[in-house]
Number of protein chains: 2
Amino acid sequence: MSESLNKNHDRYFVPGLARGLRVLEVIAQADQPLTIAEIGKKLGISRSSAFRITYTLSYLGYLSSDKGDKLYELGPRVLDLGFSYLNRQDIIKLAKPYLEKLRDQTDVSSHLAIRDGKEVLYLDNIISRSSFVSNITTGDRRPIYATPLGWILLGDLSETSIRKLFEGDQFKILTPHTPKNIDELINRVRAAREQGYVISRGFVQRGGSTITAPVLNEIGKVVAVIDISAPDSAFSFDKMDSFYVPAVVDTAREISKNLGHRG
Amino acid sequence: MSESLNKNHDRYFVPGLARGLRVLEVIAQADQPLTIAEIGKKLGISRSSAFRITYTLSYLGYLSSDKGDKLYELGPRVLDLGFSYLNRQDIIKLAKPYLEKLRDQTDVSSHLAIRDGKEVLYLDNIISRSSFVSNITTGDRRPIYATPLGWILLGDLSETSIRKLFEGDQFKILTPHTPKNIDELINRVRAAREQGYVISRGFVQRGGSTITAPVLNEIGKVVAVIDISAPDSAFSFDKMDSFYVPAVVDTAREISKNLGHRG
DNA sequence: AACATTTGTTTTATATACAAAACTTAAGGA
DNA sequence: TCCTTAAGTTTTGTATATAAAACAAATGTT
C-alpha cells in the first residue's frame with residue numbers, strides 16, 4: 001500500500017519536502033483527482049499532514065482543487081519545471097532538424113532519448129507524416145533493459161556498472177526478445193556496441209520495428225540515442241540494410257559531430 | 001535579492017516543502033547551474049538549509065549535480081509532473097485535430113491556451129508548415145492583460161473579479177496597444193466579449209498579427225482560447241474579415257461543441 | 001430518523017527540522 | 001608559502017513542524 005517513506009534515510013533529509021513531492025507524484029500517477037484522506041493512505045501519513053501538504057502545494061499553484069475544494073489534481077505550475085528542463089537540453093534543439101530530415105527520408109517516426117537511471121527517457125518525438133498514431137510522446141519512460149534504445153545507452157557503462165545497476169532486479173519479460181537476466185542484457189549491450197546500431201523486429205512491441213543508433217560526444221561517450229520506429233507495415237524490409245540502417249547511423253553521426261562543435 | 005519567503009503565511013504551511021519548490025523554481029529560472037551558496041543567497045536561507053534541500057532533491061532525482069557535485073541543475077524527474085499534467089488536459093487532445101485543420105487552411109501557426117491566474121498559459125502550438133519559427137512553445141506564459149488571448153479569457157470574469165485580480169498592479173506597457181490600466185483592460189475585455197473574437201495587428205509584437213476566439217463549455221463558460229498568429233507578411237489582409245476570422249471563430253465553435261459532448 | 005463512519009479541520013504536546021556556529025577543504029592573492 | 005576568504009559539511013541547542021487526539025461536518029446504513 002505505501003512504499004516506506006524513507007524516514008531519516010540520511011540525517012540531512014528534509015521530510016516535509018520529500019513527502020510533498022511524493023504527494024505530487026501520487027496525484028500525477030492516479031487516474032483521477034484524490035481526496036486528502038486518499039493521499040494520506042497512499043503515502044502512509046496522517047490526514048493532518050496530508051492536509052498541511054496539500055494546503056501548501058495548493059497555495060503555491062502546484063495543486064488545484066476544483067470540485068468543491070475536496071479533490072486535488074495537479075496545478076498548471078508543474079509545467080514550468082518540466083519545460084524549463086527541456087529548454088535546457090541543447091541536444092533537443094540541435095537534433096531536431098536532423099531527426100526531421102530522417103523522418104522525411106524514411107517516412108516513419110523518429111525519436112531522441114537519453115538514459116535516466118534504469119529508464120529510457122524520450123526527449124523528442126518527430127511523428128511520421130503518414131502519421132500512424134505514435135504510442136510514444138516526449139517525457140515518456142521505458143525500462144532500459146527491455147528496449148534497443150536502452151541497450152545502446154548502456155553501451156557507455158562497464159559490465160560491472162551494469163551489474164551493479166540492476167543488482168537484484170527481476171526483468172519483466174515483455175516479448176520473446178526481452179533479455180531474461182543481466183547476462184543476456186550484457187550480451188545485447190555488447191552486440192549493440194560492436195555493431196554500432198540495433199535493428200529490432202517486434203522486440204518491444206509485436207509487429208513494430210525499430211532501428212537505433214547512438215549519439216556520441218567529442219570523447220566518444222554515449223550522451224543520447226536516436227531511432228526510427230513504426231509498425232512493420234511501414235517499412236520496406238528489403239531496404240533495411242541498404243537504406244534504413246545507413247540513414248539512421250549517418251543521422252546519429254551528424255548529430256554527434258555537431259554536438260562536438262558546440263557543446 | 002530574496003522575495004520574502006512566506007514564513008508562517010498561515011499556520012498550516014510546510015516550510016520545508018515551500019522552500020524546496022522555491023529552490024527548484026530558482027534553478028529553473030537561472031540561466032546556469034547554481035551552487036549551494038548561491039541558492040541560499042537567492043532564497044535568503046542559510047547554507048546549511050540549502051545544503052539539506054539540495055541533498056533531498058538530488059536524492060529524489062529532481063536535481064542533478066554534474067560537474068564535480070558542486071553545481072546543481074534540474075533533474076529529469078521534473079518532466080514527469082509536467083507531462084502528467086498535460087496528458088490530463090483532455091482539451092488538448094480534443095482540440096489538436098481542429099487546430100491542425102485551421103493551420104492547414106490558413107497556413108499560419110495556431111495555438112491553444114488557458115488562463116492561470118494573471119497569466120495566459122499555452123497548452124499547444126501547431127506550427128505553420130511554411131514554418132516561420134514560432135516564438136511560442138507549449139508551456140509558455142504571457143501576462144494576461146497584455147494579449148488578445150487574455151482579453152478573451154478574462155471575458156468569463158465579472159468586472160469586479162477583474163478589478164480584484166489586478167488590484168494594485170502596474171501594467172507594463174509593451175506596445176502602443178497595451179491597456180494602460182484596469183479601466184482600459186476592462187474595455188478591451190468587454191469589446192472582445194461583445195464581438196466574440198479579437199483581431200490584433202501588432203498588439204503584442206510589432207509586425208505580428210493575431211486572430212483569437214474563445215472555446216466555451218456547455219454552459220457557456222470560457223474554458224480555453226485559440227488563435228492563429230504570424231508575422232503580418234504571412235496574412236492576406238484583404239481576406240481578414242471574409243476568411244481568417246470565420247475560420248478561427250468556426251474552429252473555436254466546433255471545439256466547443258465537441259467539448260460539450262464529451263466533457 | 002438515528003447511528004456509525006468517514007473525512008476535513010483545529011488544537012496541542014513532543015519529536016525533530018532548522019540556523020548558527022564550528023569545522024574542513026579549496027582557491028586566490030600577497 | 002602563508003594568509004585570507006569563501007564554500008561545503010557536520011554538529012548542536014532551540015524554535016517549530018508534526019502526528020495524535022479532539023472536534024465538526026458530511027455521508028452512508030439500518
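Chain naming here is simple, since letters A, B, ... match the order of the sequence lines and numbering starts at 1 in each.
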Output yes when at least one side-chain N/O atom of A:Arg52 is less than 4.0 Å from OP1 or OP2 of C:dT9, else no.
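Checking A:Arg52 against C:dT9: no side-chain N or O falls below 4.0 Å of OP1 or OP2.
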Phosphate-side-chain proximity, B:Lys70 and C:dA26, N/O vs OP1/OP2 below 4.0 Å
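False: B:Lys70 side-chain N/O out of range (4.0 Å or more) of C:dA26 OP1/OP2.
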Expressed as a whole number of angstroms, how long is the span from [X]:[atom1] to [N]:[atom2]?
X: A:Glu38; N: C:dG8; atom1: CD; atom2: C1'; answer: 13 Å
X: A:Tyr55; N: C:dT10; atom1: OH; atom2: C1'; answer: 13 Å
X: A:Arg19; N: D:dA17; atom1: CZ; atom2: P; answer: 12 Å
X: B:Leu43; N: C:dC18; atom1: CG; atom2: P; answer: 13 Å
X: A:Leu63; N: C:dG8; atom1: CG; atom2: P; answer: 14 Å
X: B:Ile39; N: D:dT9; atom1: CD1; atom2: P; answer: 12 Å
X: B:Ile53; N: D:dA17; atom1: CD1; atom2: P; answer: 13 Å
X: B:Leu71; N: D:dA7; atom1: CG; atom2: P; answer: 12 Å

Just checking B:Lys118: does its NZ atom have more than 12 heavy atoms from other residues, nucleotides or ligands closer to it than 6.0 angstrom?
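Correct, the count exceeds 12.
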Using the ring of each side chain (for Trp, its six-membered ring), is A:Phe83 parallel, tilted or perpendicular to B:Phe83, with breaks at 30° and 60°?
tilted
Map A:Pro15 and A:Ala37 onto DNA chain C by nearest heavy atom, then report which one ends up closer to the 5' terminus.
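Looking at the nearest nucleotide for each, A:Ala37 comes out on the 5' side.
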I want to confirm an ordering. Mapping B:Ser48 and B:Tyr12 to their closest nucleotides on DNA chain C, which one lands closer to the 5' end?
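This one resolves to B:Tyr12.
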Criterion side-chain contact (heavy atoms from CB on, under 4.5 Å) against B:Pro214, the qualifying member of B:Leu153, B:Val222, B:Leu149
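Considering B:Leu153, B:Val222, B:Leu149, a side-chain contact (heavy atoms from CB on, under 4.5 Å) with B:Pro214 is found only for B:Val222.
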Using the rule given for side-chain contact (heavy atoms from CB on, under 4.5 Å), can you reason through B:Leu71 versus B:Thr35, listing the C-alpha separation, both sets of side-chain angles and the distance that settles it, and then say yes or no?
CA-CA 5 Å; B:Leu71 291 171; B:Thr35 66; 3.5 Å; yes
State which of D:dA7, C:dT9, C:dC18 makes the closest approach to the side chain of A:Arg47.
C:dT9
